[in-house]
Undergrad: 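For reference, the structure I am asking about is given below.
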Amino acid sequence: MAKRSIMKTKLKQQVINLIKREIPEIQQVKDKVKLEPPKEEKFGDFSINASFLLAKHLKDKPINIAQRIKQILESEEIFEKVEVAGAGFVNLFLSTKYFEPILEKAILEGDTYGEIKNKTKGKINIEFVSANPTGPLHLGHGRGAVVGNTLANLYKYSGYNVEKEFYINDAGNQIKMLGLSVYARFRQIEEPDYPLPEEGYKGEYIKEIARQLYESHREKILSMSSEEEVVEYMAEFAKNLLLDKIKQDLALLGVEFDIWFSEKELYTQGKVYEVLKFLEEKGLTYEKDGALWLKTTQFGDDKDRVLKKSDGSYTYFAGDIAYHFDKLKRNYDFIINVWGADHHGYIPRLKSAMLALGAKEDWFNVVLIQLVKLFKDGQEMKMSKRAGTFTTLKDLIDMVGKDAVIYFFLTKDSNTHLNFDIDLALKKSSENPVYYVQYAHARISSVFREAKEKFNININELDSSTVDTSLLKEKAEKELMKYIAVIPEDIYEITEKKQPHKITQIAYELASKFHYYYNNYKFLQQDDEKLMKARLYLLKAVRNVLRTIFKIMEITPVERM
RNA sequence: GCGCCCGUAGCUCAAUUGGAUAGAGCACGUGACUACGGAUCACGAGGUUGCAGGUUCGACUCCUGCCGGGCGCGCCA
């Protein structure tokens with residue numbers, strides 16, 4: 001985990017200014033100077049690489065330059081200690097005082113610690129899940145939902161206006177097939193031998209929908225004049241029902257959308273026609289073999305793509321262009337699409353189309369979601385729609401709970417395969433990372449209950465005016481404060497890098513530092529009330545930061561377990 | 001065949017995007033409750049970073065070539 005900090009930028013500038021007085025050449029390498037927390041704590045809170053960069057300019061060895069830098073910085077009071085190490089690293093040790101305002105911020109901001117409240121970074125759109133409304137959500141959708149939603153929360157935290165969008169594929173063949181499938185099941189109620197369509201949906205839920213229609217809408221259906229009309233009616237009915245189910249399942253994970261965008265409306269509102277006309281007028285299309293093509297090769301694709309087939313119908317691609325043209329006109333600073341990894345070959349194509357429409361180079365972004373495999377008793381639970389051994393997202397949530405689903409879906413980079421270990425998710429021990437981080441929160445809550453009961457200390461009344469934080473001198477305490485200081489910028493960083501899975505690492509590390517502290521130090525001691533209050537104050541800050549992180553992930557901050 | 005992703009401890013993953021002795025968790029071994037929740041903590045062992053070259057003060061990271069795995073290459077959606 002990269003350990004940047006709130007004060008890093010400020011501190012770097014400060015350090016450079018100090019060095020500049022003695023070594024003006026630093027101005028030339030300023031942008032390359034890195035002020036980073038090193039891997040090992042013995043190398044200090046921060047380490048600066050300036051001596052290596054200056055070596056060429058000063059024609060001297062890094063180690064000698066490092067010595068000069070050490071002398072310059074040593075006298076500053078914000079540093080407890082300055083050391084030269086290795087081939088020329090200068091290691092900086094901050095004094096405890098440095099962390100006091102940060103602690104206070106964590107106390108005051110509650111579960112929004114470090115969040116950038118004025119959303120001035122820009123307006124963005126994140127589209128995710130976008131499952132076909134032809135069946136229940138499966139595990140891949142669930143992973144996409146969690147990754148997309150967490151990403152959205154991260155961007156909000158980092159100061160963006162975020163709109164979450166679900167694209168409803170309600171136009172194409174699948175919906176027609178859905179109608180035909182329901183229709184067949186409907187007919188089967190009276191004629192068991194009535195055939196299912198070849199590519200039809202075979203799940204139990206289709207039968208249930210058919211039964212429902214048979215029981216409560218039979219008369220209406222029988223009064224319809226054509227089979228076509230019936231199928232269309234059933235498709236619409238099933239679609240709405242399944243879409244509702246999808247919404248319910250997503251709500252279980254704390255996922256809600258701002259915009260539900262209908263593919264069908266792109267066609268009914270003429271938006272597909274419109275965007276094709278727009279592209280034609282820009283001279284970016286041509287006709288060949290009776291079809292209309294887009295010159296995507298002009299924008300980086302390896303071949304041109306068909307927009308309108310020779311039979312006169314539009315390709316899915318054309319609809320998608322129209323959809324993203326609509327997004328483009330909504331003036332987002334950039335957009336992110338969360339897609340299944342099997343669509344990765346589709347990216348260059350759509351990206352080219354967006355460039356053709358005048359989007360900026362980095363406007364269109366895609367985050368890919370790889371497969372989820374379930375493991376139980378060390379065995380993979382093979383999933384097969386045909387064999388009926390199909391585990392839905394809802395099934396998984398019912399098995400292990402919402403928090404475990406979210407956490408486990410976020411443990412790995414979304415672009416790598418995920419093995420979901422059900423046994424591990426159910427374990428109530430430190431092997432299970434969800435319990436580990438939640439336990440940290442519950443433990444602190446427990447300490448607070450104890451503090452109230454035995455010492456009559458009200459946690460809500462602890463603030464900077466009643467607490468002397470300078471008493472927090474232990475190493476474990478400094479570690480915690482340092483980590484708290486560093487977390488917001490860590491979060492901004494994983495946001496910009498689109499690595500939502502790393503939020504679990506941050507949560508885990510904070511929990512780990514707390515558990516260490518807990519095991520090695522007493523908080524509720526009778527003999528020193530001032531120290532007791534200072535430590536409880538620190539715990540309160542830790543709990544707030546945990547809550548902040550949990551909120552981003554939509555995980556429950558449990559008081560008791 | 002072409003393109004993209006991946007290959008790091010027994011397993012699952014990191015490594016501040018080119019920096020210090022490649023780090024965590026799990027599993028394994030040893031130890032820690034008369035005290036705030038032991039659902040925890042500490043210590044230990046574990047590596048030729050798939051292989052071979054190259055670039056430079058320095059490479060898990062960048063370049064080239066192999067080996068192995070995954071995915072994608074429709075006038076499907």
Side-chain angles (χ1 to χ4, degrees), chain A residues 1-4 8 34-40 42-43 47 49 52 55-56 61-62 85-89 91 132 169 171-175 177 199 263 288-293 302-303 305-320 340-349 368 370-371 411-413 415-419 421 424 427-433 435-436 438-440 442-451 453-455 486 490 493 497 501-502 504-505 508-509 511-512 514-526 532 535-536 539 560-561:
Chain A
M1 170 53 47
K3 304 239 176 53
R4 296 162 192 271
K8 193 194 80 173
K34 275 193 202 168
L35 184 73
E36 300 287 352
K39 289 171 195 164
E40 290 187 56
K42 67 174 177 187
F43 295 133
S47 171
N49 66 342
F52 297 101
K56 280 174 197 163
K61 287 179 185 168
F89 285 95
N91 298 330
N132 293 336
N169 291 107
N173 271 326
Q174 318 97 306
I175 293 296
M177 193 52 73
E199 300 288 313
E263 178 189 9
K288 194 182 87 179
D289 304 332
L292 183 71
W293 297 70
D302 51 9
K303 57 197 266 195
R305 307 290 175 174
V306 173
L307 295 167
K308 198 175 181 181
K309 301 180 225 171
S310 51
D311 68 4
S313 63
Y314 296 113
T315 58
Y316 180 84
F317 183 48
D320 230 8
D342 52 341
H343 290 86
H344 85 252
Y346 192 72
I347 298 172
R349 194 179 310 187
L368 294 176
Q370 292 281 4
L371 284 178
T411 46
K412 292 177 68 171
D413 187 329
N415 197 18
T416 62
H417 291 263
L418 175 69
N419 294 337
D421 185 340
L424 179 61
K427 270 188 193 160
K428 302 190 171 186
S429 75
S430 62
E431 294 166 53
N432 182 348
Y435 269 84
Y436 186 86
Q438 283 185 321
Y439 181 48
R443 233 179 182 181
I444 295 173
S445 303
S446 172
V447 171
F448 290 173
R449 286 193 293 270
E450 198 77 6
E453 200 174 308
K454 289 198 178 143
F455 302 96
V486 142
D490 270 356
E493 185 184 338
K497 290 182 177 174
H501 64 288
K502 290 198 172 173
T504 59
Q505 289 175 31
Y508 195 93
E509 203 164 334
S512 168
F514 160 72
H515 284 312
Y516 171 84
Y517 183 39
Y518 181 95
N519 265 62
N520 291 283
Y521 298 91
K522 297 290 300 171
F523 313 131
L524 304 175
Q525 25 201 332
Q526 297 88 330
M532 175 161 58
R535 288 186 169 172
L536 289 172
L539 287 198
R560 298 169 201 270
M561 309 174 57

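A, B, ... follow the sequence lines: proteins, then strands. Residue 1 opens every chain. All heavy atoms count here, side chains included; hydrogens, waters and symmetry mates do not.
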Undergrad: Now, which nucleotide makes the Watson-Crick or G-U wobble pair with B:G72, with each of the two distances under 3.5 Å?
TA: B:C2
Undergrad: Measure across A:A171 and A:I175 and return the closest heavy-atom pair with its distance rounded to 0.1 Å.
TA: N-CG1, 4.2 Å
Undergrad: Separation of A:K427 atom NZ from B:U40 atom P, in whole Å?
TA: 12 Å
Undergrad: Considering heavy-atom distances to RNA chain B, does A:Y316 or A:S512 have its closest nucleotide positioned more toward the 5' end?
TA: A:S512
Undergrad: Quick one: is A:R349 getting a side-chain N or O under 4.0 Å of the B:G74 phosphate, OP1 or OP2?
TA: no
Undergrad: Has A:K502 got a side-chain N or O lying under 4.0 Å from the OP1 or OP2 atom of B:A15?
TA: yes
Undergrad: Should the pair A:E453-A:R449 be classified as a salt bridge under the 4.0 Å nitrogen-to-oxygen rule?
TA: no
Undergrad: Name the nucleic acid region contacted by A:D289, choosing base, sugar-phosphate or nothing; use a 4.0 angstrom heavy-atom cut-off, strictly under.
TA: base
Undergrad: If I compare all heavy atoms of A:Q525 with all of A:R535, which pair ends up nearest, and what's the gap?
TA: NE2-NH1, 3.0 Å
Undergrad: Look at A:K309 and B:A77 and indicate whether a side-chain polar atom (N or O) is within less than 4.0 Å of OP1 or OP2.
TA: yes
Undergrad: Measure from the side chain of A:D342, starting at C-beta and using heavy atoms only, and say which of B:C71, B:G74, B:A77 lies closest.
TA: B:C71
Undergrad: Among the nucleotides B:A42, B:C75, B:G38, which one has an atom lying closest to any side-chain atom of A:Y516?
TA: B:A42
Undergrad: Can you tell me the Watson-Crick or wobble partner of B:A9, both distances under 3.5 angstrom?
TA: none
Undergrad: Which nucleotide, if any, forms a Watson-Crick or G-U wobble pair with B:G46, using both distances under 3.5 Å?
TA: none
Undergrad: For the C1' atoms, the ones on B:A59 and on B:A22, what distance do you get once it is rounded to whole angstrom?
TA: 12 Å
Undergrad: What orientation do A:H343 and A:Y346 show, parallel under 30°, tilted 30 to 60°, or perpendicular over 60°?
TA: perpendicular
Undergrad: By the 4.0 Å heavy-atom rule, please label A:Y436 as base, sugar-phosphate, or nothing.
TA: sugar-phosphate
Undergrad: On a plain distance test, is the side chain of A:N91 in donor-acceptor contact with the base of B:A20 below 3.5 Å?
TA: yes
Undergrad: Just to be sure I understand the rule, does A:K454 reach a base, reach only the sugar-phosphate, or reach nothing, if contact means heavy atoms closer than 4.0 Å?
TA: nothing
Undergrad: When you get a sec, tell me which of B:C41, B:C36, B:C75 is the closest nucleotide to the side chain of A:E450?
TA: B:C36
Undergrad: Side-chain N or O of A:K497 less than 4.0 angstrom from OP1 or OP2 on B:U16?
TA: no
Undergrad: Would you say the base of B:C75 and the side-chain of A:S310 have a donor-acceptor pair closer than 3.5 Å?
TA: yes
Undergrad: Base, sugar-phosphate, or nothing for A:F514, non-hydrogen atoms under 4.0 angstrom?
TA: nothing
Undergrad: When rounded to the nearest 0.5 angstrom, what distance separates OH in A:Y439 from CE in A:M561?
TA: 8.5 Å
Undergrad: Pairing check on B:C57: which nucleotide meets the Watson-Crick or G-U wobble criteria with it, both distances under 3.5 Å?
TA: B:G19
Undergrad: Which residues pass the side-chain hydrogen bond (donor to acceptor under 3.5 Å, both in side chains) test with A:E199, not counting sequence neighbours?
TA: none
Undergrad: Does A:D413 or A:F448 map to a spot on RNA chain B nearer the 5' end, using the closest nucleotide for each?
TA: A:D413
Undergrad: Can you tell me the base-pairing partner of B:C36? Count Watson-Crick or G-U wobble geometry only, both distances below 3.5 Å, and say none if there is no partner.
TA: none
Undergrad: Nearest to the side chain of A:E431, which nucleotide is it out of B:C36, B:A77, B:C26?
TA: B:C26
Undergrad: Has the side chain of A:H515 got a donor or acceptor atom sitting under 3.5 Å from an opposite partner on the base of B:G38?
TA: no
Undergrad: What's the closest nucleotide to the A:K522 side chain, out of B:C36, B:A14, B:C26?
TA: B:C36
Undergrad: Which nucleotide in the set B:A77, B:C75, B:A14 lies at the smallest distance from any side-chain heavy atom of A:W293?
TA: B:C75
Undergrad: Under 4.0 angstrom, heavy atoms only, what part of the nucleic acid is A:Y518 near: base, sugar-phosphate, or nothing?
TA: base
Undergrad: How close or far is atom C1' of B:C26 from atom CG of A:N419, stated in whole angstroms?
TA: 14 Å
Undergrad: Find the partner of B:U64: check Watson-Crick (N1-N3 plus N6-O4 or O6-N4) and G-U wobble (N1-O2, O6-N3) distances, both under 3.5 Å, and reply none if neither fits.
TA: B:A52
Undergrad: When syn is taken as a glycosidic angle within 90 degrees of 0, is B:C33 syn or anti?
TA: syn
Undergrad: Base of B:U17 relative to its sugar, syn (within 90° of 0) or anti?
TA: syn
Undergrad: Check for me: is A:Y439 stacked on B:U40 by the 5.5 Å centroid and 30° plane-angle rule?
TA: no
Undergrad: Mind checking whether A:Y436 and A:Y508 have parallel, tilted or perpendicular rings, split at 30° and 60°?
TA: parallel
Undergrad: As a test of reading the structure: which of B:G25, B:G3, B:G74 is closest to the side chain of A:H344, going by heavy atoms?
TA: B:G3
